[in-house]
Amino acid sequence: MRIPIQSVTPETGHAEICGFVHEVRDLGGLAFFLIRDRTGILQVTIPKKKVSEAVLAAAKAISRESVVRISGQIKAVEKAPGGRELVPETFEIISLAESPLPLDVSEKVSAELDTRLDGRFLDVRRPRVAAVFAIRSAAMHAINDYFHKEGFISITTPKIVAAATEGGTELFPIAYFDKEAYLNQSPQLFKQMMMAAGCEKVYEIGPIFRAEEHNTTKHLNEATSIDIEVSYADHIEVMRVLEEVIVKTYEYVDKTCSDHLANMEIMDFAVPKGPFPRLPYSEAIEIAKKKIEDPIKYGDDIGSAAERAIGAEMGGHYFIVDWPTEIRPYYAMPYENDPTICKAFDLMHPRMELSSGAQRVHNHDQLVQQIAKKGLNPESFDFYLKPFRYGMPPHAGWGLGADRLIMTMLGLSNVREAVLFPRDMHRLVP
RNA sequence: GCCCAGGUAGUGUAGUGGCCUAUCAUGAUUGCCUGUCACGCAAUCGACUCGGAUUCGAAUUCCGACCUGGGCGCCA
């Protein structure tokens with residue numbers, strides 16, 4: 001019966017372990033094999049004169065990163081890593097790895113991201129890389145757990161959609177029998193429909209697709225989005241939810257992932273403190289004006305340089321609120337007392353934008369008006385507008401980029417590090 | 001899409017016209033080695049992205065293609 005390496009102690013007695021051959025050190029009459037599974041590394045020591053022919057033959061034939069099953073007596077040895085080692089009675093090669101390897105799993109020689117992604121299965125064998133995805137998994141668990149406890153319903157909406165009615169970003173066209181179809185850029189319209197369906201609180205974690213030809217460390221053409229929509233809530237309420245999700249996720253990772261954080265050599269993991277500052281858009285522009293050379297004025301989008309300058313000033317997570325209605329989508333609710341600004345917000349990490357959201361326009365006629373004002377044709381929004389004609393609760397929501405959340409949480413320099421098999425302009429395989 | 005920087009053994013690199021039969025590390029192969037823990041020592045193996053041009057001579061200069069990294073833009 002195979003046991004995880006982590007549970008092998010000097011007192012274990014007899015043990016059978018399975019894993020990858022991490023390293024081989026042959027000293028002549030004595031050889032050391034480091035065997036790695038996802039829980040840790042165990043030293044297997046072979047005194048060549050004292051083991052069977054079969055063990056010796058297998059030990060001679062093995063290559064690094066091969067898969068082996070080894071059983072034998074565990075001995076307490078102070079000189080061995082972890083104070084214990086295994087002297088094999090059986091040494092079975094389950095799967096022999098070819099040599100040379102496409103990248104060095106033991107990290108003696110670094111590899112470029114491109115090389116690592118080409119051989120991602122080997123890359124993820126490295127504990128510091130595996131840690132990213134273990135932490136990502138824990139973060140997703142915390143997020144799901146939060147929503148369930150808060151009474152949200154988890155929904156799954158189509159990723160194949162009919163038409164580019166939302167405007168804005170480029171979509172990926174796909175062949176859908178004899179019809180024109182696209183990969184969905186966001187679950188926005190569907191989660192709003194679920195408000196008309198009376199679900200009140202919904203969330204979805206799923207892929208979104210954007211056919212932009214961007215070439216940066218924070219954009220992907222396929223990303224994971226965490227989306228919520230809440231009835232009878234305004235932007236203030238869903239900002240509170242967002243803040244809580246972020247803080248609870250960090251708290252959970254802090255509480256449960258200390259080993260993984262240590263593997264990544266993150267010693268100063270900091271849980272952000274709520275509430276996050278609410279910075280009005282107009283003030284954000286003022287900060288940017290003072291700090292960056294490029295001219296920026298009220299009504300402009302906030303570019304990367306401005307984003308970083310404001311982030312440096314704020315020092316932690318913060319919201320940008322009260323955006324000009326003009327530069328937000330048609331479904332953002334304008335303030336009643338000043339319709340030139342709207343109830344939209346972005347959640348920012350000092351490095352980049354993580355999330356955007358808003359209270360939505362729930363009145364059918366107002367929505368039609370706003371669509372027209374943006375220069376779009378309301379007729380092509382039929383399927384979206386229909387639910388607004390039969391009783392639509394007021395509602396608000398947001399979308400949070402899961403990959404960027406992990407990237408900023410772990411201080412990764414490239415969003416691709418936070419994604420197992422990233423999709424960008426250049427990469428479709430593996 | 002625009003701009004910048006690149007492409008040298010499996011991996012990561014040095015090398016800016018002849019000193020290159022191309023450096024170093026890691027790796028692989030072989031040999032020696034009974035306490036390694038980035039084991040050590042010795043020998044061997046393994047590379048200039050592709051096509052064209054300039055030149056007596058090109059890894060090095062020029063042109064084109066392909067590929068990569070990064071910045072910007074774009075990202076309702």
Side-chain angles (χ1 to χ4, degrees), chain A residues 22-34 41-51 60 63-65 75 77-83 85 87 97-119 122-123 126 164-171 185-186 188-189 208-221 223 225 292 294 300-308 323 325-332 342 344 346 352-353 356-358 360 370-371 373-376 381 384 399 401 404 413-416 424-427:
Chain A
H22 186 67
E23 255 185 272
V24 179
R25 296 192 194 105
D26 188 345
L27 272 62
L30 187 65
F32 300 103
F33 294 78
L34 299 183
I41 289 179
L42 178 67
Q43 175 166 288
V44 170
T45 302
I46 299 186
K48 290 187 185 167
K49 285 179 186 161
K50 294 181 189 163
V51 297
K60 196 168 162 53
S63 58
R64 291 160 83 224
E65 295 305 319
K75 294 186 175 163
V77 181
E78 250 184 58
K79 288 177 269 190
E85 67 183 17
V87 178
E98 277 180 30
S99 176
L101 298 161
L103 60 92
D104 176 20
V105 176
S106 69
E107 297 195 271
K108 284 177 196 162
V109 181
S110 61
E112 287 191 3
L113 186 57
D114 191 48
T115 307
R116 292 173 47 205
L117 293 175
D118 280 342
L122 277 173
D123 187 45
R126 302 150 90 162
T165 52
E166 293 176 54
T169 191
E170 294 291 319
L171 301 181
Q185 68 188 81
S186 127
Q188 176 69 29
L189 306 185
I208 58 170
F209 304 91
R210 310 220 162 155
E212 301 293 336
E213 295 185 344
H214 31 44
N215 199 353
T216 77
T217 53
K218 57 184 183 184
H219 287 94
L220 292 169
N221 294 295
S225 179
I292 65 168
D294 295 338
D300 287 347
D301 274 316
I302 296 176
S304 316
E307 210 169 81
R308 282 191 300 269
W323 288 73
T325 307
E326 201 185 321
I327 58 170
R328 298 299 286 207
Y330 55 83
Y331 51 69
C342 65
D346 279 2
M352 70 191 77
E353 177 191 334
S356 51
R360 326 294 191 186
Q370 296 227 358
I371 288 170
K373 226 186 269 178
K374 292 280 175 192
L376 301 164
F381 286 75
Y384 173 57
R404 285 187 180 185
S413 60
N414 192 316
V415 71
R416 291 161 183 78
D424 61 36
M425 236 175 110
H426 304 295
R427 182 172 289 279

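Reminder, nothing fancy here: chain letters follow the sequence lines and each chain counts from 1.
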For B:rG64 and B:rA5, measure between their P atoms and round to the nearest Å.
14 Å

Nearest-Å distance once atom C1' is located in both B:rU23 and B:rU13
9 Å

Check every atom of B:rA38, B:rG1, B:rC72 against the side chain of A:Glu213 and return the nucleotide holding the closest atom.
B:rG1

For the NZ atom on A:Lys75, are there more than 12 heavy atoms of other groups (residues, nucleotides or ligands in this structure) within a distance under 6.0 Å?
no

Return the nearest nucleotide to the side chain of A:Arg210; candidates are B:rA28, B:rG73, B:rC75.
B:rC75

Of the listed nucleotides (B:rG71, B:rG35, B:rA38), which one gets closest to any side-chain atom of A:Thr217?
B:rG71

Between B:rG40 (C1') and A:Leu30 (CG): distance, integer Å
14 Å

Which part of the nucleic acid does A:Glu23 contact within heavy-atom distance under 4.0 Å: base, sugar-phosphate only, or nothing?
sugar-phosphate

In whole angstrom, give me the gap between the C1' atoms of B:rA38 and B:rG73.
45 Å

Sidechain-backbone polar pair: A:Arg210 side chain, A:Asn221 backbone, donor-acceptor under 3.5 Å:
no

Ignoring backbone atoms, establish whether A:Ser304 has a side-chain N or O less than 4.0 Å from OP1 or OP2 of B:rG73.
yes

Minimum-distance nucleotide to A:Asn215 side chain [options: B:rG27, B:rG35, B:rG1]
B:rG1

A:His219, nearest nucleotide to its side chain (from B:rA76, B:rC75, B:rG35):
B:rC75

Quick one: on RNA chain B, does A:Leu27 or A:Arg64 contact a more 5' nucleotide (nearest heavy atom)?
A:Arg64

Would you tell me if any nitrogen or oxygen in the side chain of A:Ser99 comes within less than 4.0 Å of OP1 or OP2 on B:rG27?
no

Given the rule that a pair is Watson-Crick or G-U wobble with both distances under 3.5 Å, how would you write RNA chain B in dot-bracket, using | for pairs to a different strand?
(((((((..(((.....[.....)))((((((.......))))))...(((((..]....))))))))))))....

For atom P, what is the distance between B:rG40 and B:rG7, given to the nearest Å?
30 Å

Taking the side chain as every heavy atom from C-beta outward, state whether A:Gln370 and A:Leu376 have any atom pair closer than 4.5 Å.
no

Does B:rG27 have OP1 or OP2 sitting under 4.0 Å from an N or O in the side chain of A:Lys108?
yes

Side chain to side chain, A:Arg64 and A:His22, heavy atoms closer than 4.5 Å:
no

Indicate the ring-plane relationship of A:His219 and A:His214, choosing parallel, tilted or perpendicular according to the 30° and 60° boundaries.
parallel

In whole Å, what separates the P atom of B:rG51 from that of B:rA58?
15 Å

Below 3.5 Å between N/O atoms, which protein atoms pair up with nucleotides 10-13 of chain B? Just atom names and distances, please.
{"from": "B:rG10", "atom 1": "O2'", "to": "A:Leu101", "atom 2": "O", "distance (Å)": "3.0"}
{"from": "B:rU11", "atom 1": "O2'", "to": "A:Ser110", "atom 2": "O", "distance (Å)": "3.1"}
{"from": "B:rG12", "atom 1": "OP1", "to": "A:Glu112", "atom 2": "N", "distance (Å)": "3.0"}
{"from": "B:rG12", "atom 1": "OP1", "to": "A:Thr115", "atom 2": "OG1", "distance (Å)": "2.8"}
{"from": "B:rG12", "atom 1": "O4'", "to": "A:Ser110", "atom 2": "O", "distance (Å)": "3.0"}

How close or far is atom C1' of B:rC37 from atom CD of A:Glu78, stated in whole angstroms?
15 Å

Which whole number of Å gives the distance between the C1' atom of B:rG31 and that of B:rC56?
46 Å

Does atom CD of A:Glu326 have more than 12 heavy-atom neighbours from other groups under 6.0 Å away?
no

With the side chain counted from C-beta on, respond yes when A:Arg416 and A:Leu113 share a heavy-atom pair under 4.5 Å apart, and no when they do not.
yes

Taking B:rU34, B:rG35, B:rG69 as options, the one with an atom nearest any side-chain atom of A:His426 is B:rG69

Are the ring centres of A:Tyr330 and A:Phe381 closer than 6.0 Å?
yes

Step-by-step side chain to side chain donor-acceptor pair (under 3.5 Å) determination, A:Arg126 to A:Ser106
CA-CA 7 Å; A:Arg126 302 150 90 162; A:Ser106 69; over 6 Å; no

